[in-house]
Undergrad: 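Structure below; questions to follow.
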Amino acid sequence: METMKRTKVVDAFDASLYGTKINVKGWVRTRRGNKHVNFIALNDGSTIKNIQVVVDLSKFTEAEMKPITTGACISVVGVLVESQGKGQQAEIQAESIELYGGADPESYPLQKKGHTLEFLREIAHLRPRTNTFGAVLRIRHNLAYAIHKYFNDRGFFYLNTPLITASDCEGAGAMFQVTTLDLNNVPRTDDGAVDYSADFFGKPTSLTVSGQLEGELGAMSLGAIYTFGPTFRAENSNTPRHLAEFWMVEPEVAFNEIEENMDLAEDFLKYLVRYALDHCQDDLEFLCQMYDKELIDRLKFVVENDFVRLPYTEGIKILEESGHKFEYPVYWGADLQSEHERFLVEEHFKKPVILTDYPKEIKAFYMKLNDDGKTVRAMDVLFPRIGEIIGGSQREENYEKLLSRIEELNIPMKDMWWYLDTRRFGTAPHSGFGLGFERLLLFVTGMTNIRDVIPFPRTPKNAEF
RNA sequence: UCUUCAGUAGCUCAGUCGGUUAGAGCAUCUGACUGUUAAUCAGAGGGUCGUUGGUUCAAGUCCAACCUGAAGAGCCA
């Protein structure tokens with residue numbers, strides 16, 4: 001087989017290449033035909049499109065063709081031509097084919113017919129070879145890149161916050177413990193407790209549930225930072241919106257007040273959705289056609305319309321006066337349930353809503369108290385179909401007020417002196433928020449289960465791949 | 001974790017009132033077909049009916065527990 005430079009499938013639809021000999025490599029999606037001519041649909045992951053390889057069987061032996069089945073990996077050299085058949089622009093007239101690896105058709109689990117998403121979750125190691133997961137994972141990459149680009153272009157610095165933390169009060173749910181102790185022979189102190197002084201860090205440690213507290217340190221020195229990394233929640237949540245390991249984006253900006261925080265969140269979300277529309281057209285069209293006919297219209301709607309900004313108190317009033325029957329009661333001071341959020345976003349306003357100024361009792365200790373003494377400068381961005389996509393706030397910058405909230409809530413702060421130091425030394429107003437990357441991907445791809453927008457989902461009782 | 005639904009061929013499903021040999025489509029294999037488009041046509045092979053226990057002359061079917069999956073809820077991003 002002659003050696004020549006490989007052409008990616010995504011680049012093989014260039015009409016200026018017609019008539020030239022090229023080399024493509026990829027995995028066989030289907031092969032069909034008769035005893036004179038075969039057609040191979042070849043995909044290399046560079047695009048959702050397959051390139052059609054036309055094989056004149058008089059030029060190839062039966063032994064050469066037999067292992068070219070769905071799932072096999074081959075390298076093809078041939079002349080790229082405008083397709084003689086309908087259904088594709090270009091095709092390759094095969095001159096030589098090298099088999100890299102066959103795929104026994106009796107045991108290869110992916111067929112050319114459709115599979116359910118549930119079945120594909122059981123073969124997560126192979127599902128990126130499907131159109132759907134190829135599309136989702138290409139969109140995921142593009143949005144990850146867009147996040148870095150957005151912040152970089154605006155002077156934010158990418159801050160790497162720790163994944164292993166010794167603080168047990170990040171305030172966002174159950175944590176996975178990290179230890180090198182022998183669990184079959186745990187060292188004990190005299191009173192029978194686990195002796196963590198013998199552990200790797202000399203104290204109990206966990207996987208982080210949020211980079212926010214360290215992010216605030218970054219904001220109070222570099223001015224504007226963002227984190228983008230994995231976070232871990234040991235909650236026993238079994239829903240289509242929760243993962244035990246997920247990726248979170250957390251910008252934190254010194255001197256931003258809550259209004260500027262909202263401006264940033266809205267502009268950021270619109271930028272990301274616009275980026276996907278501009279750069280992932282083929283993949284979005286596929287997902288739109290196969291799963292959700294209104295997907296692209298909904299994405300455009302979000303980009304083109306202002307988000308509603310609504311104080312919690314007014315939201316409660318709308319819900320109370322709606323006449324709508326809710327399973328959970330609505331009253332001032334109640335945390336909003338999914339049904340309440342959905343009513344506001346999907347039925348009342350019919351567009352994204354930023355809900356602000358929640359009662360302090362239902363929000364985290366670090367949020368800035370309003371002058372009314374009852375509400376805090378929190379903001380949740382609520383999206384249609386997926387609910388809360390962003391949660392954020394202006395942070396309490398006053399040392400005494402922060403300390404009294406910590407005491408009110410009995411938060412163990414013995415390991416958090418470093419966080420309080422930001423308020424002791426050169427404190428300043430600052431704000432930030434957290435965006436669940438997979439929640440964003442649910443919205444942008446139209447997928448309905450969060451396990452289908454991350455390559456290797458981690459959920460209770462599932463860490464197979 | 002709670003509620004509901006589901007588990008039958010490699011995949012997607014049907015299986016009546018509990019009844020004697022377990023059904024289809026697709027996939028796979030064999031053959032046919034001179035440009036296919038999830039190709040088409042003909043034939044063949046393929047089953048511990050999630051697991052365990054129970055009721056019954058008889059269980060894929062009824063009962064219980066457990067396992068697994070999904071949807072809704074809670075928690076949250």
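Sequence lines set the chain letters: A, B, ... in the order given, protein chains first and strands last, and positions in each chain run from 1.
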Undergrad: In this structure, how many angstroms lie between the C1' atom of B:rA73 and the CG atom of A:Asn236, rounded?
TA: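 Whole-Å distance recorded here is 13 Å.
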
Undergrad: Give one of base, sugar-phosphate or nothing for A:Gly114, where a contact means two heavy atoms less than 4.0 Å apart.
TA: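 Base, at least one base atom sits under 4.0 Å.
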
Undergrad: B:rG10, OP1 or OP2 - any side-chain N/O from A:Ser107 closer than 4.0 Å?
TA: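 For A:Ser107, the contact criterion (side-chain N or O under 4.0 Å from OP1 or OP2 of B:rG10) is not met.
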
Undergrad: Against A:His148, only a single residue in A:Tyr226, A:Phe156, A:Tyr275 fulfils ring pair (Phe, Tyr, Trp, His ring centres under 6.0 Å); can you say which?
TA: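 Exactly one option meets the ring pair (Phe, Tyr, Trp, His ring centres under 6.0 Å) with A:His148, and it is A:Tyr226.
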
Undergrad: Do A:Thr422 and A:Glu216 meet the criterion of a side-chain donor-acceptor pair at a distance under 3.5 Å?
TA: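 A:Thr422 vs A:Glu216: no donor-acceptor pair found between side chains.
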
Undergrad: Between the base of B:rC76 and the side chain of A:Ser237, is there a donor-acceptor distance below 3.5 Å?
TA: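 Such a pair does not exist between side chain and base.
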
Undergrad: For a quick check, tell me whether the side chain of A:His115 and the base of B:rC11 share a donor-acceptor pair closer than 3.5 Å.
TA: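 Under the 3.5 Å cut-off, the side chain and the base do not form any donor-acceptor pair.
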
Undergrad: Closer to the 5' end of RNA chain B via nearest nucleotide, is it A:Thr116 or A:Lys66?
TA: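 Looking at RNA chain B, the more 5' nearest nucleotide goes with A:Thr116.
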
Undergrad: With Watson-Crick and G-U wobble geometry limited to distances under 3.5 Å, how should the secondary structure of RNA chain B be encoded in dot-bracket form, using | for bases paired to another strand and [ ] for crossing pairs?
TA: (((((((..((((.....[...)))).(((((.......))))).....(((((..]....))))))))))))....

Undergrad: Which residue lies toward the 5' end of RNA chain B, A:Gly87 or A:Asn34, if each is placed at its nearest nucleotide?
TA: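 The answer here is A:Asn34.
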
Undergrad: Take the protein atom NE2 of A:His36 and the nucleotide atom P of B:rA32, then report the distance between them rounded to whole Å.
TA: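 It works out to 10 Å between those atoms.
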
Undergrad: Taking the side chain as everything from C-beta on, heavy atoms only, tell me whether A:Asp357 gets closer than 4.5 Å to A:Thr313.
TA: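 Contact flag for A:Asp357/A:Thr313 side chains = no.
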
Undergrad: Between protein and nucleotides 66-70 of chain B, what N or O pairs are separated by less than 3.5 Å?
TA:
unit_1: B:rA70; atom_1: OP1; unit_2: A:Arg121; atom_2: NH1; d: 2.8
unit_1: B:rA70; atom_1: OP1; unit_2: A:Arg451; atom_2: NH1; d: 2.8
unit_1: B:rA70; atom_1: OP2; unit_2: A:Arg451; atom_2: NH1; d: 2.8

Undergrad: At a cut-off of 3.5 Å, list every protein nitrogen or oxygen paired with a nitrogen or oxygen from nucleotides 26-28 of chain B, distance to 0.1 Å.
TA:
unit_1: B:rU28; atom_1: O2'; unit_2: A:Glu106; atom_2: OE1; d: 3.0
unit_1: B:rU28; atom_1: O2'; unit_2: A:Glu106; atom_2: OE2; d: 2.5

